[in-house]
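First comes the structure, then the notes that go with it.
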Amino acid sequence: PIWGMTAARANTMRMKLLSGAEISPVERREAEKARKKAAKGDMTLDDLMKAYESFKQKSPGKGLSVDQSRYYRHISPRFGKLTSQEIKQKKIDKFRDELLTELSTQTTCHILDMIQRLVNFGVKKHGVKPLVFKIEKPKIKKVKNVTPEMLTDDQLKNLLKQLFNPSPGLEQAAVVM
């Protein structure tokens, strides 16, 4: 018997890859490389983001593109080369204050959540050490959109006139409804 790659075997492997039952050899090598790095405990946030992206690729949706945008625009320039143990609370506090000067409170919260999510992902999937502090997010102000609306004198007179002296067609309109 010939031991090797047959057309049927290649087709079976291709179908497993396309259906998502198996990961590609490239992804397998990246995951192995990430696992070895994590075993040493020196996975940076950039490494975690790459692993997070390959993990999230399996579930379609726009969430990953939003996460990538936030990460590469705001987090990577400042914290990309740092491990979770090198991130200090003072650096996060300074980063939060800088974000608040240029972005909204909600966007700042989303960016800080992204850092926490990446570290938590690394802790669960790759054995990364967790942060030694809790990331404090800015308080979001509750918005009260209720504004009182006052009637003008003319509107009030017209309302009272309609209430106490209904027009003759009003009763017929009520019957039709």
Side-chain angles (χ1 to χ4, degrees), residues 14-152 155:
R14 189 172 27 260
M15 294 309 292
K16 285 181 181 177
L17 285 173
L18 291 174
S19 68
E22 275 188 28
I23 59 173
S24 70
V26 173
E27 289 175 342
R28 193 176 309 122
R29 280 191 297 272
E30 285 178 1
E32 182 64 24
K33 198 185 293 183
R35 190 188 59 73
K36 285 180 181 176
K37 253 188 175 180
K40 288 191 241 173
D42 61 352
M43 247 181 132
T44 64
L45 281 186
D46 282 343
D47 298 333
L48 285 174
M49 185 61 188
K50 286 178 186 158
Y52 182 77
E53 287 171 342
S54 67
F55 176 75
K56 292 293 270 184
Q57 293 270 324
K58 296 172 183 126
S59 58
K62 72 174 192 172
L64 179 61
S65 63
V66 173
D67 286 345
Q68 287 172 328
S69 172
R70 283 191 190 114
Y71 181 79
Y72 291 114
R73 183 177 246 178
H74 302 289
I75 300 169
S76 182
R78 179 69 69 82
F79 299 106
K81 303 292 181 219
L82 301 177
T83 64
S84 63
Q85 295 303 298
E86 295 171 339
I87 298 173
K88 304 295 180 204
Q89 185 159 10
K90 201 172 202 178
K91 289 180 183 178
I92 292 286
D93 291 342
K94 185 177 179 186
F95 181 59
R96 181 189 60 230
D97 294 341
E98 289 174 10
L99 287 175
L100 283 170
T101 59
E102 60 190 54
L103 300 171
S104 73
T105 308
Q106 186 67 48
T107 305
T108 302
C109 285
H110 287 311
I111 292 169
L112 294 173
D113 277 337
M114 182 70 200
I115 295 173
Q116 188 69 56
R117 254 185 295 145
L118 278 176
V119 173
N120 288 345
F121 172 78
V123 169
K124 289 178 185 171
K125 302 283 186 188
H126 299 288
V128 173
K129 294 179 182 170
L131 292 175
V132 294
F133 59 92
K134 185 177 186 303
I135 296 178
E136 292 183 30
K137 295 172 205 69
K139 300 286 184 214
I140 299 174
K141 297 175 185 170
K142 299 278 184 185
V143 179
K144 233 177 144 181
N145 288 336
V146 178
T147 55
E149 193 171 313
M150 305 303 278
L151 295 174
T152 63
Q155 290 172 331

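Index from 1, following the sequence. Atoms considered below: every heavy atom in the structure, side chains included; atoms not considered: hydrogens, waters and symmetry mates.
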Contact check, side chains of Met114 and His74, non-hydrogen atoms, under 4.5 Å
no
Residue pair Leu17 / Glu22: nearest heavy atoms and the distance that separates them
CD2-O, 3.7 Å
When every non-hydrogen atom of Pro77 is compared with those of Tyr71, the smallest separation belongs to CD-O, 4.3 Å
Leu131 side, atom CG; Gln89 side, atom CD - distance, nearest 0.5 Å
9.5 Å
How long is the gap from CG on Leu18 to OG on Ser24, to the nearest 0.5 Å?
11.0 Å
Checking Gln85 side chain against Pro130 main chain: does a donor-acceptor pair fall under 3.5 Å?
yes
Under 3.5 Å: donor-acceptor pair, side chain of Arg70, backbone of Ile75:
no
Tell me if the CD atom of Glu136 is crowded by more than 12 foreign heavy atoms within 6.0 Å.
no
In this structure, CG of Leu45 is separated from CZ of Arg78 (nearest 0.5 Å) by 13.0 Å
Pro138 versus Cys109, closest heavy-atom pair with distance
O-SG, 3.6 Å
What pair of heavy atoms forms the shortest contact from Val123 to Lys129, and how long is it?
CG2-C, 4.0 Å
Calculate, to the nearest 0.5 Å, the distance between atoms CD and CD belonging to Glu30 and Glu53 respectively.
10.0 Å
Heavy-atom side-chain proximity of Lys134 to Gln116 below 4.5 angstrom
no
Gln106 and Ile140 have their tightest heavy-atom pair at OE1-CD1, 3.1 Å
Listed once per pair and sorted, the ring-ring contact (aromatic ring centres under 6.0 Å, His included) pairs that draw on residues 80-122, sequence neighbours left out:
Tyr52-Phe121, Phe55-Phe121, Phe79-Phe95, Phe121-His126
Hey, what do you get for CD1 (Ile111) to CG (Leu99), rounding to the nearest 0.5 Å?
5.0 Å
For residues 113-123, pull every pair meeting salt bridge (charged side-chain N to carboxylate O under 4.0 Å, His left out), keeping only residues two or more places apart or in separate chains.
Asp67-Arg117, Asp113-Lys137
Does the side-chain contact (heavy atoms from CB on, under 4.5 Å) test come out yes or no for Glu98 and Glu102, once each step is laid out?
CA-CA 7 Å; Glu98 289 174 10; Glu102 60 190 54; 5.5 Å; no
Checking the side chain of Asp47 only, and the main-chain atoms of Thr44 only, is there a donor and an acceptor separated by less than 3.5 Å?
yes
When rounded to the nearest 0.5 Å, the distance separating CD1 of Ile115 from CG of Leu48 is 12.0 Å
Considering residues at least two apart in sequence or located in another chain, which fulfil the salt bridge (Lys or Arg N to Asp or Glu O under 4.0 Å) criterion with Lys81?
Asp46
Report the C-alpha distance between Asp93 and Arg96 in whole Å, list the side-chain angles of each, state the deciding distance to 0.1 Å, and finish with yes or no for salt bridge (Lys or Arg N to Asp or Glu O under 4.0 Å).
CA-CA 5 Å; Asp93 291 342; Arg96 181 189 60 230; 3.2 Å; yes
